[in-house]
Amino acid sequence: MRILALETSCDETAVAILEDGHRLLAHMVSSQIDIHRRYGGIVPELASRRHMEIIYPLTKDALRSAGLNIDQIDAFAVTNGPGLIGALVVGVSFAKALAYANKKPLVAVDHLNAHFMAVFLEPHPPRFPFVALVVSGGHTSLFYVEGPLRYSLLGQTRDDAAGEAFDKVAKLLGLGYPGGRIISRLAEQGNPQAIALPRPLLEKNNLDFSFSGLKTAVVYYVRECQRQKKPLPLHDLCASFEMAVIDVLVHKALQALKHTHVKRLVVAGGVAANKRLRKTLSEISRQEGFELFIPQPAYCTDNAAMVAVAGYQRLLAGKVEGPELDVYARKLIPRYL
Ligand code: KG4
Ligand code: ZN
C-alpha cells in the first residue's frame, strides 16, 4: 500500500510517499522562506502562488526519487486544514485531480493530527493513549490521544503560538525570519537566567497557554535598554526568552500528564526541533518517570511524511473523501472532560 501525501497549509510545499504506513520512499520539502523573509512573515498570496508553481514538479521529483510511476500509487492524502485557505486550496485541488485521474482514493488529513502522528515515523513509537503537545508557528495545543483518529483537546494558546512568539521576538530584535532557529542559535551563547522574564501560566489547573505577555516583556526590556543607552545583551536575552517559553511548555505538559494519568508524552511541531526544549524534556522525563517521544527535527517542521502517516490511518478506517472535499482555516476540537 503506497500513499502519496501533499502538504501546502503554510509556507512549505511538501510531498512524501509512504509504503505500508511506515516505510518512507520519498520525502520532499520545498521551503518558501526566501520568498517571505523580506516581509518579515508569511504573505498568504505569495504562499499560494509558490505552492502552485512548485507542487507539480515536486510531485514528479518525489515519484522519480522513489523510482515509481503514478499508477503505482494506491491512495492520495492531503492536508485540508487548519492553515491558510489559499495555500490549502492548492494542495487539495491538486490531490483531488490526482485521485480522480488515477481512480484512487483520497483521504483528508488535519495538520495538527499529522504533526503528532509524525512520531510513528520513528522506530519506537508510543502506545496509546498518550498526551501530545503540538508546538508550531500557528498552534500550541495539548491533546489527549486515545487512537490515531481519536483525540480531544486539553488546552491551547489563547493568543500567540509558541513559534509565533519566537518569530515576533526575532522580528522585534531585527534578527530575521523565521525566528525560532535564529533565536535558539544565539541562545546557545547566552545565559538563560540572566534576564527575568514572566512565565505566563494563566490560572492554575488550566492547560491553556498565553505567550503575548512574554513578548511584551521583551519589548519593555528592549525599550529600557534603549532608554538607559545600554547595549542590548542579545545572547542573554535570546537564552532567557527561550528558557521562559520552555518552562511554560514543560510545566503545562507535566500538568497534562498528571491530569490524564498518562505516562507517555509526544512533542511535535516546528518548535519541537528546538535543541534546548528537547534536552530539557528528556532530562525531566527521566526525573519524573514518563516516556518521551519526539520526532526527529525534519519530521517536526512542516513535511508531508507526517501527512502520509495520518492519511494511512484514515484510509484504514475507510474515511475516504469525494470531490466535494473542502478546506478549513480552523477547527473546533472537542475538549477532554
Ligand atoms: O510546524 P511548523 O514548521 O509550521 C507550522 O505549522 O506553523 O513550525 C514553524 C515554527 C516557526 O514559528 C519557527 O520559528 C519554529 O517553528 N521553529 C523553532 C525552531 N525551528 C522552527 N522554534 C524554536 N526553535 C527552533 N529550533
Ligand atoms: Zn505545522
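The analysis underlying the following values was restricted to heavy atoms, covering all of them including side chains, and did not include hydrogens, waters or symmetry mates. None of the values given here were measured: they were computed from a predicted structure. Along the sequence shown, residues carry numbers from 1. Atoms within a ligand are numbered from 1 in the order they appear, just like the ligands themselves.
The Zn ion (ligand 2) lies at 2.8 Å or more from every N, O or S atom belonging to Cys10. Residue contacts to the Zn ion (ligand 2): His139 brings no N, O or S atom closer than 2.8 Å.
The single protein non-hydrogen atom nearest to atom 18 (C) of ligand 1 is Gly180 CA, 3.5 Å, given as residue, atom name and distance. Scanning the protein for heavy atoms near atom 10 (C) of ligand 1, the closest one is Gly137 N, 3.4 Å. In this structure, atom 12 (O) of ligand 1 lies nearest to the protein heavy atom Asp167 OD2, 2.7 Å. Of all protein heavy atoms, the one closest to atom 24 (N) of ligand 1 is Asn274 ND2, 2.9 Å. At the shortest separation from atom 20 (N) of ligand 1 among protein heavy atoms lies Gly270 O, 3.5 Å.
Not less than 6.0 angstrom separates the ring centroid of Tyr144 from the ring centroid of His259.
In the hydrophobic clustering of this structure, Ile73 groups with Leu58; members are Ile, Leu, Val, Met, Phe, Trp, Tyr whose side-chain heavy atoms approach within less than 4.5 Å, directly or through other members. Under the 4.5 Å side-chain heavy-atom criterion for Ile, Leu, Val, Met, Phe, Trp and Tyr, Met52 and Ile54 are members of distinct hydrophobic clusters.
Residues Tyr328 and Asp110 have side chains that bring a donor and an acceptor to within less than 3.5 angstrom of each other. No side-chain donor-acceptor contact under 3.5 Å links Asp61 and Tyr56.
Under the 3.5 Å distance criterion, the side-chain polar atoms of Arg276 are matched with a main-chain donor or acceptor of Ala187.
The side chain of His115, and not its backbone, has at least one atom closer than 4.0 Å to an atom of ligand 1 (non-hydrogen atoms only; side chain from C-beta on). When heavy-atom distances to ligand 1 are checked against a 4.0 Å cut-off, His111 comes that close only through its side chain, counted from C-beta outward.
Comparing heavy-atom distances from atom 4 (O) of ligand 1 across Asp302, Thr79, Ile246, Asn303 singles out Asp302 as nearest.
Between His115 and His111, the ring planes lie perpendicular to each other; the angle is over 60°, past the 30° to 60° tilted range. Classified by interplanar angle (parallel below 30°, tilted 30° to 60°, perpendicular above 60°), the ring pair Phe130/Phe120 is tilted.
Angle NE2(His115) to the Zn ion (ligand 2) to NE2(His111): 100° [nearest 10 degrees].
Interatomic distance, CZ of Phe209 versus CG of Asp160, reported as 13.5 Å (0.5 Å rounding).
Distances from the Zn ion (ligand 2) to each N, O or S atom of Asp302 single out OD1 as the nearest.
Taking every heavy atom of Ser184 and a limit of under 4.0 angstrom, the matching atoms of ligand 1 come to 26 (N). Applying the 4.0 Å criterion to heavy atoms of Gly138 picks out, from ligand 1, the atoms 7 (O).
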